[in-house]
There are 2 protein chains.
Amino acid sequence: MNDQFSISDLAREFSITTRTIRFYEEKGLLTPQRQGSSRIFNMTDRIRLKLILRGKCLGFSLEESRDIIGMYEPETANTRQLEVLLDKIYEKQQLLEQQKKEINKMLKDLKNTEQICMDTLSLQSDEAKTG
Amino acid sequence: MNDQFSISDLAREFSITTRTIRFYEEKGLLTPQRQGSSRIFNMTDRIRLKLILRGKCLGFSLEESRDIIGMYEPETANTRQLEVLLDKIYEKQQLLEQQKKEINKMLKDLKNTEQICMDTLSLQSDEAKTG
DNA sequence: TCTTACGTTTACGTTAACGTAAAGAGGAAT
DNA sequence: ATTCCTCTTTACGTTAACGTAAACGTAAGA
């Protein structure tokens, strides 16, 4: 079945440990089915895991990732919940745009330092020739 | 002097605690001068602190920020160090570009969910009128 | 002179996010 | 039958990044 994953399937695919996956379940971020005592994950679980790891890569806590997951699944929400959700979405969008700005600043600075490094290196190789 | 900051000056400016600043010094990320027993920070310290906090916002550890700081101050490096530094810079650039991609994915998804929310809400308000 | 505000060091406490080890169950292969 | 592999639960351990509290020094202001 294309929609069935064991815990080690997912662990392998995303290069994490099974402990990590169990921990996420413990925290309520994943809710796999059971076959006997073994966990069976489906596509929804897989996507959630992907979101968690993406959030992690961006410096989000698991609690923030929990929010993010909620933002991806608005189907069950009522009007009030949807409004709260929209607010959260706006907020998160602002934060992401801000992060992009910080990244761009850092990239610009790194490019600058890169140039300095290369200039210095080429200067040193010149000195080696003439000195 | 425009280039002198007390610990609480910086704490106030960046909305962090003095404990945090002392902690960064303890870890060797900041190296303020002393006036008696009091710490005196200069512009370099301020910039370093800014870099640390920017890194933090992007999910970097203090050790990674230590690396970043090194990338901003290549003056003292010799040839070998510069080459290592360049490698680190390339690596960090890759990572930052990757982070930007993740952010864009997430922004796209959020925009999508936002639309769904708004559609659902407007649908519900229609139902309220006709129901 | 006393309080208030700021600074110091030392040191134990806390939280998130897992790591790691122990002890065991269930199924497949030799 | 036993070895191997994957799975389970329980539970203590660990690290980063500070928080918090105690106990103290110093200088300004009422």
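Please read these numbers as outputs of a predicted model, since none were measured by experiment.
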Between [N] atom [atom2] and [X] atom [atom1], what is the distance in whole Å?
{"X": "Arg22(A)", "N": "dA21(C)", "atom1": "CZ", "atom2": "C1'", "answer": "13 Å"}
{"X": "Arg66(A)", "N": "dA16(C)", "atom1": "CZ", "atom2": "P", "answer": "11 Å"}
{"X": "Glu25(B)", "N": "dG7(C)", "atom1": "CD", "atom2": "C1'", "answer": "13 Å"}
{"X": "Glu26(A)", "N": "dT9(D)", "atom1": "CD", "atom2": "P", "answer": "10 Å"}

Just so I know, are the side chains of Thr79(B) and Glu83(B) near enough to count as touching, which here means a heavy-atom distance under 4.5 Å? yes
For residues 30-51 of chain B, which residues have at least one heavy atom under 4.0 Å from DNA chain D? none
Would you please name every residue forming a side-chain contact (heavy atoms from CB on, under 4.5 Å) with [X], sequence neighbours left out?
{"X": "Asp119(A)", "result": "Gln115(A)"}
{"X": "Asn78(B)", "result": "Arg80(B), Gln81(B)"}
{"X": "Thr31(A)", "result": "Asp45(A), Arg48(A)"}
{"X": "Asp109(A)", "result": "Arg54(B), Tyr72(B)"}

Would you say dC7(D) has OP1 or OP2 under 4.0 Å from some side-chain N or O of Ser8(A)?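 Looking at the OP1 and OP2 atoms of dC7(D), one of them is under 4.0 Å from a side-chain N or O of Ser8(A).
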Could you please spell out the steps behind the salt bridge (charged side-chain N to carboxylate O under 4.0 Å, His left out) verdict for Glu25(B) and Arg34(B)? CA-CA 12 Å; Glu25(B) 181 188 359; Arg34(B) 295 289 176 137; 3.3 Å; yes
Every protein N/O within reach of nucleotides 17-23 of chain D N/O, cut-off under 3.5 Å:
unit_1: dA17(D); atom_1: OP1; unit_2: Leu62(B); atom_2: N; d: 2.9
unit_1: dC18(D); atom_1: OP1; unit_2: Lys56(B); atom_2: NZ; d: 3.1
unit_1: dC18(D); atom_1: OP2; unit_2: Tyr24(B); atom_2: OH; d: 2.6
unit_1: dG19(D); atom_1: OP2; unit_2: Thr17(B); atom_2: OG1; d: 2.7
unit_1: dG19(D); atom_1: OP2; unit_2: Thr20(B); atom_2: OG1; d: 3.3
unit_1: dG19(D); atom_1: N7; unit_2: Arg19(B); atom_2: NE; d: 3.3
unit_1: dG19(D); atom_1: O6; unit_2: Arg19(B); atom_2: NH2; d: 3.2
unit_1: dT20(D); atom_1: O4; unit_2: Arg19(B); atom_2: NE; d: 3.0

Without hydrogens or angle criteria, can the side chains of Gln94(B) and Gln98(B) be said to hold a donor-acceptor pair below 3.5 Å? no
The side-chain contact (heavy atoms from CB on, under 4.5 Å) partner of Tyr90(B) among Lys92(B), Gln93(B), Lys88(B) is Gln93(B)
